[in-house]
Amino acid sequence: MTQLSRSAVTAVLGPTNTGKTHLAVERMCAHSSGMIGFPLRLLAREVYDRVVATKGENQVALITGEEKICPPDARWFLCTAESMPLERQTGFVAIDEAQLGATPERGHVFTDRMLRARGRDETMILGSEALRPMVEALVPEAEIIGRPRFSTLSYAGARKLSRLPRRSAIVAFSAEEVYAVAEALRRLRGGAAVVMGALSPRTRNAQVEMFQAGEVDYLVATDAIGMGLNMDVAHVAFASLRKFDGKKQRRLTVSEMAQIAGRAGRHQRDGSFGSLHEDGPNAFTPEEVLAIESHRMPRVEKLFWREGEPDLSSVDALIASLERKPDSDVLRAAPEAVDLAVLKRLAEQSWVRDRARGQAAVARLWAACGLPDFRKLGADPHARFVGRVYGHLSEGRGAVPHQWFADEIARLDRTDGDVETLAGRIAAARSWAYIAHRADWLEDPLHWAERTRAIEEKLSDALHASLTQRFVDKRTTMLLRQIGASADALPVTIAADGEVSIEEHSLGTLDGFRFSVASDARAADKRMLLAAAEKRLASELQRRGRALAEAKDADIALGEPDPDAPVALLWETLTVAHLVPDRNAALPQVKLDRALDVLDVSLRGAVQARLDRWLADRVVETAPPLAKLQAATRDPDAGAPLRALANALLDHGGMMPRRAAAELVEALDPPARKALRKLGITIGTLDIYASALLKPGAARLRRDLLRLGAGPAEGATVLPRNAPGADLAHGFRPLGTQAVRVDLVERIARAAHDSRKGRAPFTPDPALATSIGLTPDTLARLMAQLGFRAIRGKEGEPQRWAWKGLTPKPKAPAPPRDNAFAALADLMAGK
């Protein structure tokens, strides 16, 4: 084991939110030169940017596996722990998060840096209070300084995702879980920023900036946020308390929980932590809560170790030294890392052993095995990739071929695809960036380092845009923020075309009284958007309701008839009501459209009264017989027979076959018949009808009221039998191949009866039938229905007819009705 340096060593130990990293940066900048090793590339980049702002770009270096910015005059170095150039002497050295030496995956790296990395004047070890026993055992000369947390960290219990406070960070432990939580927050709270260790610094910074700037109120992250990333988080919620450690799923240690939970709160502002689960394996135990709140972590009793300066004399010696057991009782051998696993696999190949002869060649092989598995392919696939790289490094000019490198990164220079695809390309680009930053692996490393950096930035920008598009709904965020501030502050605007928006974010369209949510809003957003918009649109809807209640007659109209749907009432082309069946078919009821339910009760009543009045006035003006028949049904002086017939006529739209109402007609006394004529009703030989309803305007209204659909052409007297409206419902009597308007049928019937003389044969004047347009066959059918029989004459003579007496004969006035008949008549009249 390497002998420890005798420079001043200070161990700054304590919980999170103690400013340890900030202290180390200040101490480094106070020295003429310095170096800090960080656990994350993201954190190294964050501190690099901060130091550059004070020292200048030409004085500060950034060294990570995939990024190397190292000006010739650099004096301050910000690195990942693995990339610290320990051969370089600096006045100050610090190792951040040194307690990670207890983790199996990378613990040996932090342990090695704690043992070997020393500054010329000062060395600082930063870590958790739990690391104290290890510092005392391994670095006995170190001065240990405890740092208390600046603010209080308290347990807030379990909360559902929908009830998390603003400025919360939700921690998950897989990309799938991170995406699922972020998607749920997009639906519930407008979105979230996403931070994962696999993101490039550019993407991570863009996502964090969204959160810091308040564009989103939530952050979803892996445990990467537990490593000192500075964010303004008030609450940390654990989506899970289990993680995959590379070999198995396990529960987080209390130290890991505390490390992550400690991100809540900033400086002297208190923070809280909790979970999304009240019980089960993902809920905190009381003992864990107490330990985190009191910052009493289980002490680290062992650190993982692996030889930091392995024997490079041969491949076997290298493997043996990497597998050597530690000498100290507080150290234990590190599990086999990816680099050692790759080395062992390559060592099994004879061509590798043939080329790896001598210390320089072995050192080159070991450097190639250090290529990280950014794509998480596993030891065997990654070993094949490393083997190909080493093959090029150990032959010819000892460099990766230009064409292979160029072809591989060209395949990655694409920004199409979803979040997972872009993240995969960035992971692959990190491997090539790592190669490009090895100065002796490429013939033109500066060019390819810049090229890979440009591709990674391009992909990072695309990934940030894709993450934002997928997991952030700025419209919903704006809505929630405005509603949360004040209901009156929601700045809803309505454009001339009905578009409803809040600032530049379109919510939907207001068409009359119906608000339609924007088509690009996902289903889960619609209820919230609808509620928010309708709440703020109340005044506009009330204004429209009052305008409808006071609308002029000319602004209201009936919609186009549709036999399969109720007739609509339109207000300035907007459907506001429908005609639905009532007691009498010809006088339907006005039913307000459901869109008007947004109006208050009194205003809906006013609108209902206005539309009822409009329809009643329209009937009186255009089809007066219907209004008169309705009045007759309610007139107690009209008599039961007349009221019953009036009801029957209303059910048939003011005209019906006489035989269908024969008993009702026979029950009419002379005063009732006279009253019926005053109503405009004709009791014809074949039909009972109101001539006024055959006029074009009345006919159209009647068709709309009865939902008859298309009718005959205006002014038509005779129709082909298959023409629209060629039936009694439209006022036409079918006769053979033709249909004749009922009032004209009655004219022909009267002319025929006026022409006959008893039962003697007669010849009717054909001029009337001819002027109407009746064919001989139609006239013959009509005469037969009128009660006449044809008499054969000599060929060439006009057709002669004789009276058969089939039509009803006038009867004497009906005798006074008994009570039973009167009751029946009243019942038929609907009384």
**Q** Tell me whether His235 contacts the main-chain N or O of Leu164 through its side chain, where contact means a donor paired with an acceptor under 3.5 Å.
**A** no

**Q** Any chance you could lay out the side-chain contact (heavy atoms from CB on, under 4.5 Å) test for Met210 and Thr468, step after step, and finish with the verdict?
**A** CA-CA 9 Å; Met210 274 200 317; Thr468 302; 3.8 Å; yes

**Q** Compare every heavy atom of Leu422 with every heavy atom of Asp416, then report the nearest pair and how far apart it is.
**A**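 Where Asp416 meets Leu422 most closely, the heavy atoms are O-CD2, 3.8 Å.
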
**Q** Taking the side chain as everything from C-beta on, heavy atoms only, tell me whether Val178 gets closer than 4.5 Å to Met196.
**A** yes

**Q** Between Asp511 and Thr509, do the side chains contain an N or O donor and an N or O acceptor separated by less than 3.5 Å?
**A** no

**Q** Any chance the side chains of Gln630 and Asn584 put a donor and an acceptor closer than 3.5 Å?
**A**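 Note: Gln630 and Asn584 side chains miss the donor-acceptor criterion.
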
**Q** I'd like to know whether Trp571 forms a side-chain contact (heavy atoms from CB on, under 4.5 Å) with Asp555, so could you lay out the CA-CA distance, the side-chain angles of the two residues, the decisive distance to 0.1 Å, and finally the verdict.
**A** CA-CA 6 Å; Trp571 173 49; Asp555 295 332; 4.1 Å; yes

**Q** Heavy-atom distance under 4.5 Å between the side chains of Arg186 and Val472, does that happen here?
**A**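 In short, these two side chains do not touch, never coming nearer than 4.5 Å.
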
**Q** Rounded to the nearest 0.5 Å, what separates atom CG in Asn647 from atom OG1 in Thr633?
**A** 5.0 Å

**Q** Please step through side-chain contact (heavy atoms from CB on, under 4.5 Å) for the pair Arg610 and Leu548, ending with a clear verdict.
**A** CA-CA 8 Å; Arg610 177 66 187 98; Leu548 174 55; 5.9 Å; no

**Q** Rounded to the nearest 0.5 Å, what separation is found between the CZ atom of Arg204 and the OG atom of Ser460?
**A** 12.5 Å

**Q** Tell me if a side-chain donor or acceptor on Thr622 pairs with a main-chain N or O of Val619 at a distance below 3.5 Å.
**A**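 No, because the side chain of Thr622 does not come within donor-acceptor range (under 3.5 Å) of the backbone of Val619.
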
**Q** Which atom pair, heavy atoms only, marks the closest approach of Leu161 to Leu276?
**A** CD1-CD1, 3.9 Å

**Q** Calculate, to the nearest 0.5 Å, the distance between atoms CG and CG belonging to Leu596 and Leu603 respectively.
**A**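 Here the rounded value is 8.5 Å.
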
**Q** Could you go through Asp270 and Leu153, starting from their C-alpha distance and side-chain angles, then the distance that decides it, and tell me whether this counts as side-chain contact (heavy atoms from CB on, under 4.5 Å)?
**A** CA-CA 6 Å; Asp270 295 340; Leu153 179 65; over 6 Å; no

**Q** For Gly697, does its backbone N or O pair with a side-chain atom of Arg702 as donor and acceptor, under 3.5 Å?
**A** no

**Q** Step through the shown structure and confirm whether more than 12 heavy atoms of other residues, nucleotides or ligands are within 6.0 Å of CD on Glu714.
**A** yes

**Q** With a 4.5 Å limit on heavy-atom distance, are the side chains of Leu705 and Pro588 in contact?
**A**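 Yes, close enough: below the 4.5 Å cut-off.
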
**Q** Side chains of Ser240 and Asn282 only: does a donor on one sit below 3.5 Å from an acceptor on the other?
**A** yes

**Q** For Gln542, does the CD atom have more than 12 heavy-atom neighbours from other residues, nucleotides or ligands under 6.0 Å away?
**A** yes

**Q** List the steps, then state whether salt bridge (charged side-chain N to carboxylate O under 4.0 Å, His left out) holds for Asp635 with Arg643.
**A** CA-CA 8 Å; Asp635 183 5; Arg643 291 197 301 272; over 6 Å; no

**Q** Quick one: does any side-chain atom of Glu572 pair with a main-chain N or O of Ile556 as donor and acceptor, under 3.5 Å?
**A**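 Absent.
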
**Q** What distance do Leu541 atom CG and Asp600 atom CG have between them, rounded to the nearest 0.5 Å?
**A** 11.0 Å

**Q** Measure centre to centre between the rings of Phe273 and Tyr155, then say whether the value is under 6.0 Å.
**A** yes

**Q** When rounded to the nearest 0.5 angstrom, what distance separates CD in Glu540 from CZ in Phe515?
**A**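 Answer for the CD-CZ pair, Glu540 versus Phe515, is 12.5 Å.
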
**Q** Apply salt bridge (charged side-chain N to carboxylate O under 4.0 Å, His left out) to residues Glu420 and Arg470 and explain how you reach the verdict.
**A** CA-CA 11 Å; Glu420 290 79 3; Arg470 178 170 170 180; 3.0 Å; yes

**Q** To the nearest 0.5 angstrom, please state how far the CZ atom of Arg700 sits from the CG atom of Leu558.
**A**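 Answer rounded to 0.5 Å: 11.0 Å.
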
**Q** Taking the side chain as every heavy atom from C-beta outward, state whether Pro657 and Ile688 have any pair of such atoms under 4.5 Å apart.
**A**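 They are not in contact (no side-chain heavy atoms under 4.5 Å apart), so the answer is no.
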
**Q** Is any side-chain heavy atom of Leu679 closer than 4.5 Å to a side-chain heavy atom of Leu629?
**A**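 Sidechains of Leu629 and Leu679: in contact.
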
**Q** Before giving the answer on salt bridge (charged side-chain N to carboxylate O under 4.0 Å, His left out), spell out for Asp593 and Arg514 the whole-Å C-alpha distance, their side-chain angles and the decisive distance to 0.1 Å.
**A** CA-CA 10 Å; Asp593 189 81; Arg514 190 181 301 277; 2.7 Å; yes

**Q** Within the distance-only criterion (no hydrogens, no angle test), does the side chain of Arg544 pair as donor or acceptor with the backbone N or O of Gly512 below 3.5 angstrom?
**A** yes

**Q** Let me see the working for Gln608 and Asp612 under side-chain hydrogen bond (donor to acceptor under 3.5 Å, both in side chains), right down to the final yes or no.
**A** CA-CA 6 Å; Gln608 181 74 57; Asp612 287 341; 3.1 Å; yes

**Q** Which one of Asp687, Leu664, Ile683 satisfies the side chain to side chain contact (heavy atoms under 4.5 Å, CB included) criterion with Arg658?
**A** Ile683

**Q** With no hydrogens and no angle check, is any side-chain donor or acceptor of Thr682 less than 3.5 Å from a backbone partner on Gly684?
**A**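 Flag not set: sc Thr682 to bb Gly684 has no pair under 3.5 Å.
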
**Q** I'd like to know if the side chain of Thr203 pairs up with that of His464 as donor and acceptor (distance under 3.5 Å, no hydrogens or angles considered).
**A** no

**Q** Main chain of Val194, side chain of Gln207: is a donor-acceptor contact present, judged purely on distance under 3.5 Å?
**A**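 Answer holds: yes.
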
**Q** Would you confirm whether the ring centroid of Tyr218 sits within less than 6.0 angstrom of the ring centroid of Phe211?
**A** no

